[in-house]
Amino acid sequence: MTGDEADAATPPGERVTVADGRQRVVITAVEGAYQPRNLDIQAGLPTTLIVRSDRAQGCVRSFVIPSLGVEKILPVNGDTVIDLGVLNPGRLAYSCGMGMYTGRLNITDKAIS
């Protein structure tokens with residue numbers, strides 16, 4: 001499966017959604033990458049991050065958000081739900097445990113459409 005095929009599992013419009021005052025953010029963990037690497041999300045909303053594993057292998061399964069103290073071991077397949085709380089504007093970096101595969105959430109005051 002190529003990265004493009006894995007990324008197609010979650011359509012772009014469903015990567016960041018807001019319902020009932022809560023933001024839901026979906027990234028996909030595949031062998032050797034997190035997709036998409038960067039996402040724009042909205043500040044000031046309770047936020048749930050869902051890391052969707054799709055045949056994830058290797059160190060990509062060790063998912064960390066250092067600034068929040070989050071450390072999770074992802075399954076090969078399936079969802080890992082992480083409550084991020086209410087985020088302030090800025091950038092939230094995440095990576096594999098070794099720092100080889102990285103990504104970030106760009107948190108803005110502007111509503112995401």
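Both backbone and side-chain heavy atoms feed into the values below; hydrogens, waters and symmetry mates do not.
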**Q** Report the C-alpha distance between Tyr34 and Cys96 in whole Å, list the side-chain angles of each, state the deciding distance to 0.1 Å, and finish with yes or no for side chain to side chain contact (heavy atoms under 4.5 Å, CB included).
**A** CA-CA 9 Å; Tyr34 298 109; Cys96 70; 3.7 Å; yes
**Q** Answer yes or no: is there a side-chain heavy-atom contact under 4.5 Å between Ile27 and Ile50?
**A** no
**Q** Search all heavy atoms of Arg24 against all heavy atoms of Arg52 and return the closest pair with its distance.
**A** NH2-NH2, 3.6 Å
**Q** When hydrophobic residues are tied together by side-chain contacts of less than 4.5 Å, even through go-betweens, does Val64 share a cluster with Ile73?
**A** no
**Q** Any side-chain heavy-atom pair from Cys59 and Met100 closer than 4.5 angstrom?
**A**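 Of all side-chain heavy-atom pairs linking Met100 with Cys59, at least one is under 4.5 Å.
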**Q** Enter the distance from Ile82:CD1 to Leu74:CG here, rounded to the nearest 0.5 Å.
**A** 7.0 Å
**Q** Any side-chain heavy-atom pair from Val86 and Leu45 closer than 4.5 angstrom?
**A**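 Heavy-atom side-chain distance check fails, nothing below 4.5 Å.
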**Q** When you look at Thr48 and Leu84, which way does the side chain to side chain contact (heavy atoms under 4.5 Å, CB included) test go after all the steps?
**A** CA-CA 6 Å; Thr48 300; Leu84 299 179; over 6 Å; no
**Q** Taking Arg37's backbone N and O only, do any of them form a donor-acceptor pair with Tyr94's side chain (distance below 3.5 Å, no angle check)?
**A**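 Here the side-chain-to-backbone pair exists.
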**Q** Determine the minimum heavy-atom distance between Ala93 and Ile65, stating which atoms define it.
**A** O-CG2, 3.5 Å
**Q** Mind checking the CG-CG spacing from Asp83 to Leu49? Nearest 0.5 Å is all I need.
**A**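 The CG atom of Leu49 is 10.0 Å from CG of Asp83, to the nearest 0.5 Å.
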**Q** Can you get from Tyr101 to Leu68 by hopping between Ile, Leu, Val, Met, Phe, Trp and Tyr side chains that sit under 4.5 Å apart?
**A** yes
**Q** So Asn77 and Asp54, do their side chains get closer than 4.5 Å, heavy atoms only?
**A** yes
**Q** Side chains of Ser62 and Met98: does their closest heavy-atom pair fall under 4.5 Å?
**A**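 Not touching, per the 4.5 Å side-chain cut-off.
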**Q** Distance from Thr28 atom OG1 to Arg55 atom CZ, nearest 0.5 Å?
**A** 12.5 Å
**Q** CG/Leu105 to CD/Gln23 distance, rounded to the nearest 0.5 angstrom?
**A** 8.5 Å
**Q** Please name the pair of heavy atoms, one in Ala56 and one in Ala29, separated by the smallest distance, quoted to 0.1 Å.
**A** CB-O, 3.7 Å
**Q** Applying a strict under-4.5 Å side-chain criterion to I, L, V, M, F, W and Y, I'd like to know whether Ile107 and Val16 cluster together.
**A** yes
**Q** Would you mind reporting whether Val76 and Arg61 have side-chain heavy atoms less than 4.5 Å apart?
**A** yes
**Q** Nearest 0.5 angstrom please: Asp79 CG to Ser53 OG, how far?
**A** 7.5 Å
**Q** Side chains of Arg22 and Thr47: any donor to acceptor distance under 3.5 Å?
**A**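 Their side chains do not contain a donor-acceptor pair, so the 3.5 Å distance test is not met.
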**Q** Of all heavy-atom pairs between Pro46 and Gly21, which one has the smallest distance, and what is that distance?
**A** CD-O, 3.3 Å
**Q** What are the two closest heavy atoms between Ala33 and Val60, and how far apart are they?
**A** O-CG2, 3.5 Å
**Q** To the nearest 0.5 Å, how far apart are CZ in Arg104 and CG in Asp40?
**A** 9.0 Å
**Q** Evaluate Asn106 against Leu39 for side chain to side chain contact (heavy atoms under 4.5 Å, CB included), listing each step before the verdict.
**A** CA-CA 6 Å; Asn106 302 307; Leu39 264 179; over 6 Å; no
**Q** Within a 6.0 Å radius of atom CZ on Arg91, are there more than 12 heavy atoms belonging to other residues, nucleotides or ligands?
**A** no
